[in-house]
Structure formats: C-alpha cells, structure tokens
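Report on the structure given below.
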Amino acid sequence: MGSGSLDKGYEPSGIEEKWYAYWLDNGFFKAEDKSDKPAFSIVIPPPNVTGVLHMGHALNNVIQDIMCRYKRLLGYNVLWMPGTDHAGIATQNVVERDLAAKGQTRDQLGREAFIQQVWKWREKSGGAIIHQLKRLGASCDWERERFTMDEGLSDAVRKVFVRLYKEGLIYEGQYIINWCPRCKTALADLEVEHEEKDAYLYYIRYPFVNKKQGLTVATTRPETLFGDTAVAVNPHDERFKDLEETHVMLPLTDRAIPIIRDEYVDTQFGTGALKVTPAHDPNDFNLGEKHGLEKLKVIDDDGLMLDGAGRFKGLDRFECRQQALEALKELKLLVKQEPLKHSVGHCYRCKTVVEPSISKQWFVKVAPLAKEASDAVRSGKTRIIPETWSKTYFEWMDNIRDWCISRQIWWGHRIPVWKCPACNEVMVEETDPTCCPACGSTEIAQEPDVLDTWFSSALWPFSTMGWPNDTDLLKTFYPTNVLVTGFDILFFWVARMMMMGIHFMDEVPFNDVYIHALVRDEHGKKMSKSVGNVIDPLKVIDEHGADAFRFTLAVFAAQGRDVKMSESRVEGYRHFVNKLWNASRFALMHITPKDVTIEHKKLSLSEKWILSRCAHTSLAVKDGIETYRFNEAASALYQFVWHEFCDWFLETAKPSLYEKEGVQRRDCARSVLSKVLEDILIMLHPFVPFVTEEIYSILPTTNGSILSATYPYNEQAYETLRDETVEKDMEFVFGLISGIRNIRSEMNIQLSMRIKVLAYTTDEKEKIIIAENKSMIVNLASLESFYFCDADNIPSSCASSVIGDTTCFVSLEGVIDFDKEIRRIEKELEKNTKELLAVQKRLNNESFLEKAPEDVIQKVNSQYVDLEEKNNKLKENLNRIKIMK
RNA sequence: GGGCGAUUAACUCAGUUGGGAGAGUGCAACCCUUACAAGGUUGAAGUCGCAGGUUCAAGCCCUGCAUCGCCCA
C-alpha cells in the first residue's frame, strides 16, 4: 500500500479510529444474503440497551470477533449479527429513576406517555454500548443491527405467542410466583437470586382451641402467620401419634385452623410442626392444593399487610414481623428464637427481597419444548463446549418448571390477549381484534401485562434474520455456527433459544455453544461496583490500546476457568504489540517493493527454519481457534513472534540484510523476511486487528486491506515448508551459541571483548552444520574467531560447553578463573548426572522394558546415550581444567 | 441438602489420548550490540493441596480428606 516509516513506539490512539472508520466505509464487515462462498454466522448476545461495556462483554465479543475475522481470512461469507435487548425491567427502572429525579412517577404520566418516554430515553442514551463495542474492534455487520422491540422482532414475538397459545403451550393461571414489591411485577424462578442471610428461627406456640397447650411451629417469617390456613405434621412422627386435637388457634387472630397430616413435613426441622401458608410459600402452596386449603393472601403488591393481619393491616411486611413478634412475646406465645443462616430470594434487577405470592399470571408449558431441546444436545446436533456444561444443561432441562412470562410493567411486548368483560371471551390472534367474536361487544380490553424480556431474546437467532418471512438470510445463515456466551445466561437465554429455535424453525439455532468463563478481578473476586474492584474496559483501551487488551483476553480465555484480569498483564501484552511494531520497523528498513520470490534451494538454514516454524505456527493457530482454545492460539503466536522470529531469526538475518554476504544472500533474506512478517500479521490479525492493519498498510509488498488477505495455512504450503530436520539442526546451532553465551555471562566477559572459540567434534553431520553456519555463530556469540580443532590440540586455559557431540572451547587466555570454571562444570555435571541416573533407572527396570511401547523405550534409550555422552565429555573437561589449575 | 470446578515457581496462570515440569510478570547479574531499555543476554526459583490406590510409568486416571469458589434447591 506504499512505503513509509514508523514511529519508534506504537501509539494506538488515532490509528484505531482511523482503521475502524476505514473498515466501515469499505463495507468489510458486511455479510452477503446470498453467496457462493461458504457461510459462517454468529448472533451477538444482545447487550441490554441500558448497558455499559464491562469485562464480560469485552471477553465475549473479542472471542466472537476473533472467530469472525479468522473466517473472513479463510474466505467465508461471515455474518455477525449485532443488536440490543430492550431489557424490560432494567430499562423501565432506569427511566423511572430519571422521572423520580424530576419528582414524577410513571403512574402520573400514564402508560402511553411513559412508553414514549422510554423510547426517547433509548434514542438519547440507549445503545451507548454499541459504540463501546466498536472501540473493541468488533466487526459486526452494523447495518443489520436489530433491537428486540423493533417492528420485525415484535411481529415474530406476536406470531410465536399466538402459535404457542393455540397449541396449548401458553396458559393463564393462578399460581404462586415470585413477586418483587419494588418493581411491582412477577418474576420467573430464574430471576430470583438466592443469598445466604443471618436470620432467626422463631418458635411460636399455636394453642389448641380453649386450651393452654398447643403445637409449636418454627418459622423464619412470622409475619406470614396471618395467612396460615393449617398446621401440618408428619403422620409417622411419634410426637404427634396420640394427638387428639384437630385444630389450633392462630395467634393474634380469632381463627381456628386445622391440623393436617402429610409426609412432606420434615420431622428433623424445628419442632416437626409446620405452619402452612399457601398464599406465600411455594411448598405450602402445593400442600394447600393437595389438602384443599384456603389460600389467604395477607401481603399486597407493595409489600404491605392486608386485612387478614388484623390490627397490623397496612404495615410493611418487615415492620409487621417485628411488631407481631412483640405481640407474641407479650402473650407468651414466642417460645424461643435461635440464629439461623438461611437463603433469601432477591430480585435480580433491584435486589429487593422477593415475596412468594399467589397471583394470576401467564405461563409457558415448557416440558415438551425442553425435551426436544435436551435431545438435540444429547444427540450431538448442538455441541456444548466445554462439554461439562451439558450436564448442567440437562439437569435444568430435565427438571424444568413452567415459565412465568407475564410482567406487570409497561416496557416490553404487550401480551396479545384481549378479553371481553361481557362474556369472558378470550381473544388471541395475530391481528388486533375490534370486537368480541362471541357477543359482538366492542368493549374488549387488551391484557395490561407485558412479556418477560427473555421471551423475545429466545427468538433472537431467527427473528433477527427476518422470520417469520422466509428470507435469503435465514437460508444462508440459519442455523448459526456458534453461540458464544457466559454460563450465567445458559438457562435464561441459551436453553430458551434452543427450545424456540427447534419448535419454530425445525432446526437447532446453533451447531456449537461455546461457554466462556467469567471475568474476575486479579484476586478472583467478582467485579462489583460496591466492592470497588471493577476494571473499566474502556479505560484499559485508552491506556494500553484495544489490541493489547484483546490479546490479553485471548491469552486468558482458557476453557473452563475464570479469567482473572489485571492491568499489569495488559501492560505486558502491550509490550508485545510494541515488539511487533518495532520488528516491523526494522523489516521496513530492508523490504523493498520489488516482487521477491523465495527460491528454496538458495535459503540459509535459519531462513528454512523460520519458514518451517511459521508453517507450524499457522497450523497451531488454526487448530487453536477452531477448537475454541484461543489461549493456545494466542500463546503460539506470542512465542513464535517474540522468541523465534525476533530473538533468533532477525538476528541471524542481519548480516545478510546489511549486505555483508552479497546481493543474492540479501535478496533471499529480504524475501523470507517479508513473507514471514506478512504471515505473522495475517495470523495475528484476528487477535490484534488494528496494529496489524496499520503495519500491513505500510508494507511495500502488500496490496489493500489485511481484511482481504488469505490466512497462510494450507496443506500444500505446510508440506512444503515444514521441515523437522531443519528445525533440529537449527536447535543444535542455537545450543552452541547459548553455550558460548553462558560462558561469557558466567565468566563476566564483556560483550566488547571478542573471544576465540574452537570446536571439537567427531560427528560429521555436526561438523557440516557448524561449517555452513559459522558466520551465524560468530555473529550471534560475538566471536573473534571460530575454528575446528583436533583431539590433540585442544587449547589450554579455556572454558568448555558441550552440545550434542560437539564441545566448544572458549579461549580465556589470561582471564580464566579456574575455580569458577570448575564450579560451573561441576554444577552442570551434577544436573546431567541426575538426569542420567533417572533414565538409567528406567532402563534397568525389567517391567518397563517388557511392558512399555517400543517407541517409548527407543526414545529413552537414545536419551540415555546422549546423556551418557555428555556426561563423559563434561568429566573430561572437568579433569582437564583441574589439571591446568 | 444436591451438583460442578479449583488447588502447579514469589504473583497470575498454561499443561488435549498417562511417557524426561512450562509461560508471562516479578527477582538477580551483566549490557544503551545501528528494530525495540515497552529492549537484549544469562541465571536463580516448584515434595504439581494432603493421604492412599491403579500402572513398567501419575501434575494428568480412581478413592478419601482439607481449603476456596460457583450453580441449583
């Protein structure tokens, strides 16, 4: 794209904005509705329209982006469908808070005006998270952005509701549900968060009618006693075997309630006598149904006591608890109280203690849907990764309870049910009715409630693609390839999408479900505002750049483990981005626009080596991404780029590049350098899109955006370039160099002091490798000279290093410290001997030789030979130096 | 109460059919060597939570225990 030079350090700001705008302007993220190219699709887990980007979103979307960008590099037609969720209760709460600041309530405004207010809010402040996703680099097809409340999706919701109703899978009924007195709505079981709380277990005596004694019950919620309609004991409980009484008096009231017998009662808990409050406890509700008890509601929708509470009427439920306890004490009916830890349900939106309460609500009968969804995973139509989560999925699906879908709020999809007050006719149709089909009355009224937010998100994979219309988009991209999500919404969302997808599309919504970990702080604590340990992704991006942040997330995203995020780690990977930048800066000094082709025969060992390692890396990265092991892909790249490409290859290439070995060698080095750097950029691009695009655009050998490049792995290229013999030979040379460097370091020989080294070897192959790569060794070990010697002219006063069959003698004329050298060799000998003994032990074990596979024995054998060889050489060298001394 | 996961170097974590313990950060020493001090070279550092078992061979498989965390009831 033109040559240029780069600044000394990489500065992400400016560059990121530039390229993101460029990608958008040129439509690189657009999916084709119909195409000859293979399709790949992901639907985004729609963030709440009220949301701000947090670490969980960042991880979730970076993973999706890596896959989408990778697939584009492989030539796929990629759809990454973006959008937001209307988040019923959450959004309504936000807008209500805004109103409250102005001294208004939603009731004052009225339904229509309030909903308008919410839309206005959404216009103005909603969807901020979309901009934040763009800063991450998310390559969604933004022109297709959807919203769960937009027209098309609302049509889909309506259609689904009507069909389920007509199939008998949606019904209205009077059941116990979870009620949030603050949000003033019903909640699904899932929407209740349980938390262990310190509380008391109160023992309250219920006297027999006209008698002093009675039954003592134990409860954590005394205020509910006003709703008691029975006391239950276990029929097998010895304590109550001879009980003649049939009723007890309910304290603080003038009601007598029956004593019932049921095996449900736990004889171990409390006194064995259970107060039964069918209207305010799910288990008691079931008991009530079974025994035909009255269900007396004593707490209203605001959490205040109703008529049944007598003189406590109108009190808040918790205030009532205190006052009722006082009153019981006075009557000497409070027998005792003891501390108890127990689990209390809270509203997942506002954290208010939920009140189990009897109420008329709409439900989905999910069991038949759940069975199909469960079977789809059992049969492998949909894979859950990591697999361990499928167990959790089955557990939930197989014990599923009906889903309460009505919410007593205003923001959401209004339930498409009309009722006729005159004749009680119920109308559920796809178009709004104008009059009652039974009696002709026009005084019909629509249900005031709206649907659970998750009802519309359950349709997301197909509603966003145009369902109920039969669109090309659906044909091309449904089912989606993979859904990427955190396990916290496995039940809320994934399970329900499975049910709805299978039911309405006759096809699972995704082939794979990849479940990633949660992001925690660096000590493993959940990030929360109140703890103050939240790391803001946007701040991290500002400070270190989106690329460094993305790479950190990728490296951390190991399967099945939580991600512990720390800023210092991001800083570390920022260094990596900078390293890439500087390596490219160096490369740019040498690469020319001239079209250079690689002639394999002319290549040096290190050039063949880096091409081989590059091929190896391309396969490792491919495997990593395709098996959802993003950390392995990222680590492979890190290792290759820094420790192979930069540390070794670039150093070995310098003499050639600076034309110290002729023009032909220079051109070879240039061609390999530009090829490998290009491959690196392309392989890294899914992880660090901005910096790779910037460098790619500056390279004189490339055309166009890196987004239109082709991923370097293919079988043929791999077969040509991968060469394990070359890799082994190169490692031998590296070993020589490191050995000499080690002596330098241990002996405190300054780099400026050029040293003479003699190599002694009896191995012909090693001799050839050394001869062919002599200048590389001289350069990288900073030598004055490097020659072979014979057994009879080994130099005196020298330090030695053994690699393979070769010993390098580093001449230390005049500067040698014999004691130091003796210690050095002794240390190595000790280490070597230890290893040798371990290997020897295995070879002396007859069972091992008998039972271990042939290849393992052979491997150990050759290890033994090598170690023994080395051991002998070290001993020789040690003796020699001792004699010298 | 039921289920799941974790425990590996000072810290944060990898370790995929069981076959000689790894990375990053940090630490120590030396080095401004013409891409990079956000760097280079070299080095020190682990009884892989504990106790058993299976196996020729266990960080990896099995059992029990301890500690921590999560989900469901």
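Everything quoted here is computed from the prediction, not taken from an experiment. Below, read A as the first sequence line, B as the second, and so on, with proteins coming before strands; counting in each chain starts at 1.
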**Request:** Find which nucleotide of RNA chain B each of A/D647 and A/L849 is nearest to by heavy atoms, and output the residue with the more 5' nucleotide.
**Result:** A/D647
**Prompt:** Of the residues in residues 544-555 of chain A, which ones touch RNA chain B at a heavy-atom distance under 4.0 Å?
**Reply:** none
**Message:** For A/F551 and A/Y573, take the angle between the two ring planes, folded into 0 to 90°, and tell me which bin it lands in: parallel under 30, tilted 30 to 60, perpendicular over 60.
**Reply:** tilted
**Item:** Bracket notation of RNA chain B in which parentheses pair within the strand, [ ] cross earlier pairs, and | pairs with another strand (Watson-Crick or G-U, under 3.5 Å)
**Value:** (((((((..((((.....[..)))).(((((.......))))).....(((((..]....)))))))))))).
**Prompt:** At under 4.0 Å between heavy atoms, what does A/K654 touch on the DNA or RNA strands: base, sugar-phosphate, or nothing?
**Reply:** base
**Complete:** Within residues 835-848 of chain A, those residues having any heavy atom closer than 4.0 Å to RNA chain B are A/E835, A/V839, A/R842, A/N845, A/S847, A/F848
**Asked** So does A/Q639 reach the base of B/A14 with its side chain, donor to acceptor, closer than 3.5 Å?
**Response** no
**Message:** Would the base of B/G3 count as contacting A/E395 through its side chain, where contact means a donor and an acceptor less than 3.5 Å apart?
**Reply:** no
**Item:** Atom pair distance, as rounded to whole Å: CZ in A/R824 and P in B/G43
**Value:** 10 Å
**Item:** Closest to side chain of A/Q863, choosing from B/C56, B/G20, B/U16
**Value:** B/G20
**Request:** Using only heavy-atom distances, determine whether the side chains of A/T617 and A/R613 contain a donor-acceptor pair under 3.5 Å.
**Result:** no
**Prompt:** Does the B/U12 base have a donor-acceptor partner in the side chain of A/R569 within less than 3.5 Å?
**Reply:** yes
**Request:** Classify the ring geometry between A/W642 and A/F576 as parallel (under 30°), tilted (30 to 60°) or perpendicular (over 60°).
**Result:** parallel
**Message:** Taking the C1' atom in each of B/G22 and B/C61, what is the distance between them to the nearest angstrom?
**Reply:** 22 Å
**Distance between P atoms of B/U34 and B/G40 (Å, rounded)** = 14 Å
**Prompt:** P atom, B/C62 versus B/C4: distance in rounded Å?
**Reply:** 12 Å
**Basic-acidic side-chain contact under 4.0 Å: A/E659, A/R665** = no
**Residue whose closest nucleotide on RNA chain B lies nearer the 5' end, A/L867 versus A/K851** = A/L867
**Item:** Distance test, side-chain N/O of A/Y573 to OP1/OP2 of B/A23, below 4.0 Å
**Value:** no
**Request:** Quick one: label A/N578 by what it contacts on the DNA or RNA (base, sugar-phosphate, nothing), any heavy atom closer than 4.0 Å.
**Result:** base
**Request:** Please determine if a side-chain N or O atom of A/H643 lies less than 4.0 Å away from the OP1 or OP2 oxygen of B/G39.
**Result:** no
**Geometric class of the A/F645/A/F649 ring pair [parallel <30°, tilted 30-60°, perpendicular >60°]** = parallel
**Prompt:** P atom, B/A6 versus B/G26: distance in rounded Å?
**Reply:** 29 Å
**Request:** Answer with base, sugar-phosphate or nothing: what part of the nucleic acid does A/E850 contact at a heavy-atom distance below 4.0 Å?
**Result:** nothing
**Request:** Using a cut-off of strictly less than 4.0 Å, decide whether A/S782 has a side-chain nitrogen or oxygen near OP1 or OP2 of B/U33.
**Result:** no
**Request:** Sticking with atom P, work out how far B/G59 lies from B/G18, rounded to a whole angstrom.
**Result:** 13 Å
**Request:** Look at the side-chain N and O atoms of A/K579 and state whether any lies under 4.0 Å from the OP1 or OP2 oxygen of B/A35.
**Result:** no
**Item:** Polar side chain donor-acceptor pair, A/D398 to A/S374, under 3.5 angstrom
**Value:** yes
**Prompt:** Does A/K827 place a side-chain N or O at less than 4.0 Å from the phosphate oxygens OP1/OP2 of B/A44?
**Reply:** yes
**Asked** Think A/H575 has a side-chain N or O under 4.0 angstrom from the OP1 or OP2 of B/G39?
**Response** yes
**Request:** Determine: side-chain N/O of A/W648 to OP1/OP2 of B/U41, distance under 4.0 Å, yes or no.
**Result:** no
**Request:** Please report the C-alpha distance between A/S618 and A/D679 in whole Å, then the side-chain angles of each, then the deciding distance to 0.1 Å, and finally whether the side-chain hydrogen bond (donor to acceptor under 3.5 Å, both in side chains) criterion is met.
**Result:** CA-CA 8 Å; A/S618 71; A/D679 283 358; over 6 Å; no
**Rounded C1' spacing from B/A45 to B/A37 in Å** = 25 Å
